[in-house]
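Counting starts at 1 for both ligands and their atoms, following the listed order. Along the sequence shown, residues are numbered consecutively beginning with 1.
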Amino acid sequence: MLWAIGRDPKYWEHPLEFQPERFSSRLGEGGRTSTIQVRGQHFQLIPFGSGRRICPGLNLALQMLPGLLGATIQCFDFEVVEPDRKNRNGDDRVLEMDERPGMTTPRANDLVCIPVARLSSLRIP
Ligand code: HEM
């Protein structure tokens, strides 16, 4: 059901397009802002659930994730390893995003990445 809601054109403009800015509360191109929140009040987007059993770690997650993600991207390169173990970084391949059925919309094929530190811990520019 969540899968279907997330792709329902009644709630999402061009639902299959990758438009992360659709979740931004900042003024976007075309002068539109998103008023949709993830706190369980807007049922078209409920990554933390809703109601009495809503995720109690919601606030912690929202505080921690941007910093964690930013630090991870800043400090590591990720080498993608295809199932044939061939490293394909550096070419123009588009990341395969096929899905298979499941509660959490899992990837059809695992994405295997090797994190490679790209900043010296002692000499961060
Ligand atoms: C991005 C991070 C997270 C996501 C997407 C997430 C998502 C969810 C979802 C969907 C539920 C089920 C809610 C429902 O049944 O309606 C849940 C429950 C729960 N989450 Fe999270 N969660 C996250 C992080 C955390 C963190 C950081 C903690 C604790 C430090 C946490 C603790 C819990 C607990 C204890 C429950 C069970 C609540 C209950 O059944 O009453 N979660 N979470």
Next item on the list: Check the pair Phe48, Val38 against side chain to side chain contact (heavy atoms under 4.5 Å, CB included), reporting the backbone distance first and the verdict last.
Entry: CA-CA 7 Å; Phe48 296 98; Val38 291; 4.0 Å; yes
Among protein heavy atoms, which lies nearest [atom], and at what distance?
| atom | value |
| --- | --- |
| atom 34 (C) of ligand 1 | Pro56 CD, 3.4 Å |
| atom 7 (C) of ligand 1 | Pro47 O, 3.4 Å |
| atom 26 (C) of ligand 1 | Gly57 CA, 3.7 Å |
| atom 3 (C) of ligand 1 | Phe48 CE2, 3.3 Å |

Check: Among Leu60, Asn59, Leu58, which residue places a heavy atom closest to atom 30 (C) of ligand 1?
Finding: Leu60
Note to self: I'd like to know if Glu17 pairs up with Arg7 as an ion pair, taking the criterion as any Lys NZ or Arg NE/NH1/NH2 lying under 4.0 Å from an Asp or Glu carboxylate oxygen.
What the structure shows: no
Check: Mind checking whether Arg39 and Leu58 have side chains closer than 4.5 Å, heavy atoms only?
Finding: yes
Notebook entry, point to check: Are Val80 and Leu111 side-chain neighbours, meaning at least one heavy-atom pair lies under 4.5 Å?
Noted result: yes
Check: Which atoms of ligand 1 are found less than 4.0 Å from any heavy atom of Ala61?
Finding: 2 (C)
Next item on the list: Identify, by atom number and element, the atoms of ligand 1 in contact range of Ser50, meaning under 4.0 Å from any of its heavy atoms.
Entry: 16 (O)
Check: Between Arg118 and Cys75, is there a donor-acceptor pair closer than 3.5 Å when you use the side chain of the first and the backbone of the second?
Finding: no
Notebook entry, point to check: Hey, does Leu65 sit under 4.0 Å from ligand 1 if you only count heavy atoms?
Noted result: yes
Next item on the list: Give a yes-or-no answer on whether the side chains of Gln19 and Trp12 include a donor-acceptor pair shorter than 3.5 Å.
Entry: no
Notebook entry, point to check: Going through the distances and angles, do Thr72 and Phe78 end up as a side chain to side chain contact (heavy atoms under 4.5 Å, CB included)?
Noted result: CA-CA 10 Å; Thr72 307; Phe78 290 89; 3.5 Å; yes
Item checked: Contact check: Arg53 vs ligand 1, nitrogen or oxygen atoms, below 3.5 angstrom -> yes
Next item on the list: Would you kindly specify which portion of Cys55 sits under 4.0 Å from ligand 1, judged on non-hydrogen atoms: side chain, backbone, both or neither?
Entry: both
